[in-house]
Amino acid sequence: MTKLAVIYYSLYGHCKTLAETARDTAKAEGADVEIYQVPETLSDEILAKMHAPAKANHPVITTEKLTEFDGYIFVIPTRYGRAVGQFSSFFDATGGLWAKQALSKKFATIITSTGTQHGGQETTALTTLPFFAHHGIIFVPLGYAHPDIMRMDQILAGGPWGAGTLAASDGSRQPSEVELGLVGVHAKHFCGVVNQFVKGA
């Protein structure tokens, strides 16, 4: 059975919603799925000043835990067009795994959340690829796996790099039904790719 980890960071809950949608879809596809948060780097004082809600009751991932999975669905919020600092810090802590190439031939895909339409949906994925390359992790993009990716009748996040959502600069916008549907398409697509590898097809 394919073993996957959905790994996310969420300050105001948007990426948590995306991560849980991806987890539920992957489970429905028959994968053994676990969901994790990356470690928080902000102090409780700073989080309180930012009016951040309490964290979800999902375990915090460790770098060594990564070796237990065939693939990873990373749900990454964006800061200034790149991965949020909490994810960067987590990636930076994987040097021991890199030295052993312990993550080589694992699979990964990226789902994002940005504050605006042009806030880094593509660049967040693009600037995460060097981490994958150094570890030998195989990146699986969404491509145009569903016609909704090309819809023009509403504001919509996501694209061939991966599904996503738009949170608005004040965090007031929640993932739309179409966006959540595309997260499900993305998770199903990723499962199909990793399943094929695990089965040796």
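Linking Ile, Leu, Val, Met, Phe, Trp and Tyr residues whenever their side-chain heavy atoms come within less than 4.5 Å leaves Val60 and Phe90 in two separate clusters. Hydrophobic clustering places Val194 together with Ile138 (ILVMFWY residues linked when any side-chain heavy atoms are closer than 4.5 Å, directly or through intermediates). Taken together through direct or relayed side-chain contacts under 4.5 Å among Ile, Leu, Val, Met, Phe, Trp and Tyr, Phe107 and Tyr36 form parts of separate hydrophobic clusters. The hydrophobic cluster containing Leu180 does not contain Leu166, counting ILVMFWY residues as joined when their side-chain heavy atoms lie under 4.5 angstrom apart, directly or transitively. There is no path of hydrophobic side-chain contacts, each under 4.5 Å, that joins Val75 to Ile61.
Lys55 approaches Leu11 most closely through the heavy-atom pair NZ-CA, 4.5 Å. When all heavy atoms of Ala83 and Ile76 are compared, the closest pair comes out as CB-CG2, 3.6 Å. Residues Thr78 and Gly120 come closest through the heavy atom pair OG1-O, 3.9 Å. Heavy atoms only, all atoms of each residue included: Leu4 and Ala31 are closest at CD1-CB, 4.0 Å. In this structure, Ala52 and Tyr12 approach most closely via the heavy-atom pair CA-CE2, 3.9 Å. Ser176 approaches Gln154 most closely through the heavy-atom pair OG-OE1, 4.3 Å.
Without hydrogens or angle criteria, His135 side chain to Leu103 main chain gives no donor-acceptor distance under 3.5 Å. At distances below 3.5 Å, at least one donor-acceptor pair connects side-chain atoms of Gln37 with backbone N or O atoms of His58. Using a distance-only test at 3.5 Å, with no hydrogens or angles considered, a donor-acceptor pair links the side chain of Ser10 to the main chain of Lys16. In this structure, the side chain of Gln101 engages the main chain of His134 through a donor-acceptor pair within 3.5 Å. At distances below 3.5 Å, not a single donor-acceptor pair connects side-chain atoms of Gln121 with backbone N or O atoms of Ala163. The backbone N or O of Thr67 sits less than 3.5 Å from a side-chain atom of Lys106, completing a donor-acceptor pair. Between the side chain of His14 and the backbone N or O of Pro175, no donor-acceptor pair lies under 3.5 Å.
Crowding of Asn57 atom CG: a count of heavy atoms from other residues, nucleotides or ligands under 6.0 Å not exceeding 12. Taking a 6.0 Å sphere around CD of Glu68, one finds it holds more than 12 heavy atoms contributed by other residues, nucleotides or ligands.
Ring geometry for Tyr72 versus Phe69: interplanar angle over 60°, hence perpendicular rather than tilted (30 to 60°).
For the residue pair Thr41 and Ser89, no side-chain donor N or O sits within less than 3.5 Å of a side-chain acceptor on the partner. Residues Asn195 and Thr2 have side chains that bring a donor and an acceptor to within less than 3.5 angstrom of each other.
Residues Val185 and Asp148 are not in side-chain contact: their nearest non-hydrogen atoms beyond the backbone lie 4.5 Å or more apart. Inter-residue side-chain proximity for Thr123 and Arg82 is flagged as unmet; no heavy-atom pair is nearer than 4.5 Å. Taking 4.5 Å as the limit, every side-chain heavy atom of Ile110 sits out of range of all side-chain heavy atoms of Trp161. Within the 4.5 Å cutoff, the side chain of Glu179 has no heavy atoms near those of the Val183 side chain.
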Worksheet item: Please walk me through it: do Thr109 and Leu142 pass side-chain contact (heavy atoms from CB on, under 4.5 Å)?
Response: CA-CA 8 Å; Thr109 199; Leu142 174 59; 6.0 Å; no
Practice prompt. Take Phe139 and Thr128 through the test side-chain contact (heavy atoms from CB on, under 4.5 Å) and record every step on the way to the result.
Written response: CA-CA 10 Å; Phe139 173 59; Thr128 303; over 6 Å; no
Fill in: side-chain contact (heavy atoms from CB on, under 4.5 Å) between His186 and Ile73, worked out
CA-CA 9 Å; His186 190 154; Ile73 299 174; 6.0 Å; no
Worksheet item: Stepwise, does the side-chain contact (heavy atoms from CB on, under 4.5 Å) test hold for Val198 with Lys3?
Response: CA-CA 9 Å; Val198 170; Lys3 190 167 184 181; over 6 Å; no
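Residues satisfying the salt bridge (Lys or Arg N to Asp or Glu O under 4.0 Å) criterion with Asp44, sequence neighbours excluded, are absent altogether. Residues satisfying the side chain to side chain contact (heavy atoms under 4.5 Å, CB included) test with Leu42, not counting sequence neighbours, are Tyr9, Glu40, Ile46, Leu47, Met50, Gln86.
Remark: Lys27 does not engage Asp24 in a salt bridge, criterion side-chain N to carboxylate O under 4.0 Å.
The structure places NE2 of His189 at 12.0 Å from CD of Glu29, a figure rounded to the nearest 0.5 Å.
Aromatic ring centroids of Phe131 and Phe87 lie 6.0 Å or more apart.
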